[in-house]
*Asks:* 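Quick one: structure below, then a few questions.
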Amino acid sequence: MKTIFDKTAIKNLELKNRLFRSATWEALADNSGHFDEEIYHIYDELAAGGVGCIISGFTSVYDDDHYFGGMARLSNDGLIPEHKRLVDTVHAHNVPIIAQLAMGEYKDKEIDELTSADIADIRKLFIKAADRAVQAGYDGVQIHAAHGFLLSRYISPAHNHWTRTPETLIIDIAKAIRANHPQLHITMKINSSDFMYGGLDENGAMRICLACAPYLDSIEVSGNGTSVGGIKAGVNEAYFEKFALALADKVDIPVILVGGHRSIEHMNKVLNDGSIEYLSLSRPLIREPDLINRWQNGECSPAKCVSCNMCYRTPGYKCIFRLRGIE
């Protein structure tokens with residue numbers, strides 16, 4: 001019987017439990033991608049809090065990507081020392097860390113406006129960012145193909161009307177990273193559905209996952225419109241579970257499921273309902289960075305996160321309850 005506290009190992013990662021910190025938006029970088037000092041405190045607290053592995057907040061591979069303000073970057077060599085410091089901060093707690101590589105926009109172009117030269121450049125930007133991640137000491141990279149970012153739009157029929165095999169771009173990126181860094185853990189984050197008319201649906205997402213899986217070491221399942229409100233322990237947890245269970249039965253690599261995890265009991269149930277191997281959390285760890293240690297030490301009540309989504313309205317995307325000094 002699997003439990004969230006099992007020690008496991010997957011490609012290049014020694015994990016003290018089955019719980020990942022899913023990539024979480026911090027908005028703590030300047031326009032050039034340089035970190036605010038606060039970022040090191042956040043990751044130190046997370047790594048000390050007991051999580052098995054951390055996936056970084058989304059990190060742009062492109063200097064001229066201004067999709068959001070406050071985006072971290074790995075788009076030039078001058079940023080490597082800051083990322084090395086971040087990695088060293090996490091590694092000091094014997095926790096591995098994966099860099100989430102993302103692109104929000106490319107030259108203000110819509111997906112259908114991208115040329116073959118543009119696509120070749122986008123591929124190169126991801127590959128070069130992965131090289132920098134290795135230089136900084138990251139244990140892996142995550143290709144961010146979810147949540148409406150450029151690769152998410154590229155594989156979505158709502159945005160890409162000119163190629164029937166959009167997954168080829170992700171495959172080419174993954175293959176090149178693997179060739180350059182055979183020991184690096186390569187994962188991908190994907191929407192189980194875009195939840196929009198004409199967008200990527202579960203059938204399309206499954207097809208893309210099956211095509212990409214041979215070139216990856218794991219897949220994290222999410223969905224567009226990630227932060228569902230009103231999650232209650234034991235009532236409506238794990239809202240992308242159905243797709244993740246189906247995917248896990250069809251691929252030979254681990255599936256990581258994010259979305260609505262709040263209680264040990266339900267998380268253990270998800271792990272034992274099928275072949276899902278890992279779970280990832282975001283908002284609960286904004287409220288309680290030491291949540292995993294709390295559970296491990298026997299205080300097993302559900303996560304205190306109430307899914308209010310007010311963290312998205314605060315500087316640094318912090319929990320409103322913590323800012324008000326409420327435990």
*Asks:* Using a 6.0 Å cut-off, check whether atom CG of D121 has over 12 heavy atoms from anything other than its own residue.
*Replies:* yes

*Asks:* Is the closest basic N to carboxylate O distance between D217 and R178 below 4.0 Å?
*Replies:* yes

*Asks:* Count I, L, V, M, F, W, Y as connected when their side-chain heavy atoms are under 4.5 Å apart, and connections chain through other members. Are V61 and L114 then in the same cluster?
*Replies:* yes

*Asks:* What verdict does the side chain to side chain contact (heavy atoms under 4.5 Å, CB included) test give for R262 and L281, after you've listed the backbone C-alpha separation in whole Å, the side-chain angles of each residue and the deciding distance to 0.1 Å?
*Replies:* CA-CA 9 Å; R262 297 294 183 271; L281 303 94; 5.8 Å; no

*Asks:* If I compare all heavy atoms of S282 with all of A23, which pair ends up nearest, and what's the gap?
*Replies:* OG-O, 4.4 Å

*Asks:* Quick one: list whatever passes salt bridge (Lys or Arg N to Asp or Glu O under 4.0 Å) with E45, sequence neighbours left out.
*Replies:* R322

*Asks:* Can you list every pair that meets salt bridge (Lys or Arg N to Asp or Glu O under 4.0 Å) and has a residue in residues 80-92, with sequence neighbours left out?
*Replies:* E37-R85, K84-D88

*Asks:* By the salt bridge (Lys or Arg N to Asp or Glu O under 4.0 Å) test, which pairs, at least two apart or in different chains, include something from residues 124-145?
*Replies:* D77-R132

*Asks:* Supply the atom-to-atom distance L150 CG to H159 NE2, rounded to the nearest 0.5 angstrom.
*Replies:* 10.0 Å

*Asks:* For G50 and N293, work out which heavy atoms get closest and say how close.
*Replies:* CA-OD1, 3.2 Å

*Asks:* Which atom pairs, donor and acceptor, lie under 3.5 Å between side-chain atoms of residues 249-258 and protein residues at least two apart or in another chain?
*Replies:*
{"residue": "D249", "atom": "OD1", "partner": "S275", "partner atom": "OG", "Å": "3.3"}

*Asks:* Salt-bridged, R73 to D63, with N to O below 4.0 Å?
*Replies:* no

*Asks:* Would you say the side-chain atoms of N268 pair up with the backbone N or O of I4, donor to acceptor, closer than 3.5 Å?
*Replies:* yes

*Asks:* State which residues pass salt bridge (Lys or Arg N to Asp or Glu O under 4.0 Å) with K304; sequence neighbours excluded, sorted by chain then number.
*Replies:* none

*Asks:* Out of I170, N160, T168, which residue meets the side-chain contact (heavy atoms from CB on, under 4.5 Å) rule with Y154?
*Replies:* N160

*Asks:* Output yes when a side-chain donor or acceptor of T187 lies under 3.5 Å from a complementary backbone atom of S218, and no otherwise.
*Replies:* yes

*Asks:* For residues 230-243, which residue pairs qualify under salt bridge (Lys or Arg N to Asp or Glu O under 4.0 Å), counting only residues two or more places apart or in two chains?
*Replies:* none

*Asks:* According to salt bridge (Lys or Arg N to Asp or Glu O under 4.0 Å), who are the partners of E38, at least two apart in sequence or on a separate chain?
*Replies:* K318

*Asks:* What residues, two or more places apart in sequence or in another chain, satisfy ring pair (Phe, Tyr, Trp, His ring centres under 6.0 Å) together with F20?
*Replies:* Y278

*Asks:* Within the distance-only criterion (no hydrogens, no angle test), does the side chain of E105 pair as donor or acceptor with the backbone N or O of H66 below 3.5 angstrom?
*Replies:* yes

*Asks:* Checking Y67 now: which residues fulfil ring pair (Phe, Tyr, Trp, His ring centres under 6.0 Å) with it, not counting sequence neighbours?
*Replies:* F149

*Asks:* State which residues pass ring pair (Phe, Tyr, Trp, His ring centres under 6.0 Å) with W25; sequence neighbours excluded, sorted by chain then number.
*Replies:* F58, F68, Y317

*Asks:* Any link between F240 and M188 through a network of hydrophobic side chains (Ile, Leu, Val, Met, Phe, Trp, Tyr) touching at under 4.5 Å?
*Replies:* yes

*Asks:* Can you pull out every salt bridge (Lys or Arg N to Asp or Glu O under 4.0 Å) where at least one residue sits in residues 157-173? Sequence neighbours excluded, please.
*Replies:* R123-D172, E167-R207

*Asks:* Which heavy-atom pair separates S280 from E220 by the least distance, and what is that distance?
*Replies:* OG-OE2, 2.6 Å

*Asks:* Could you tell me which residues satisfy salt bridge (Lys or Arg N to Asp or Glu O under 4.0 Å) with D6, sequence neighbours excluded, listed by chain and number?
*Replies:* R18

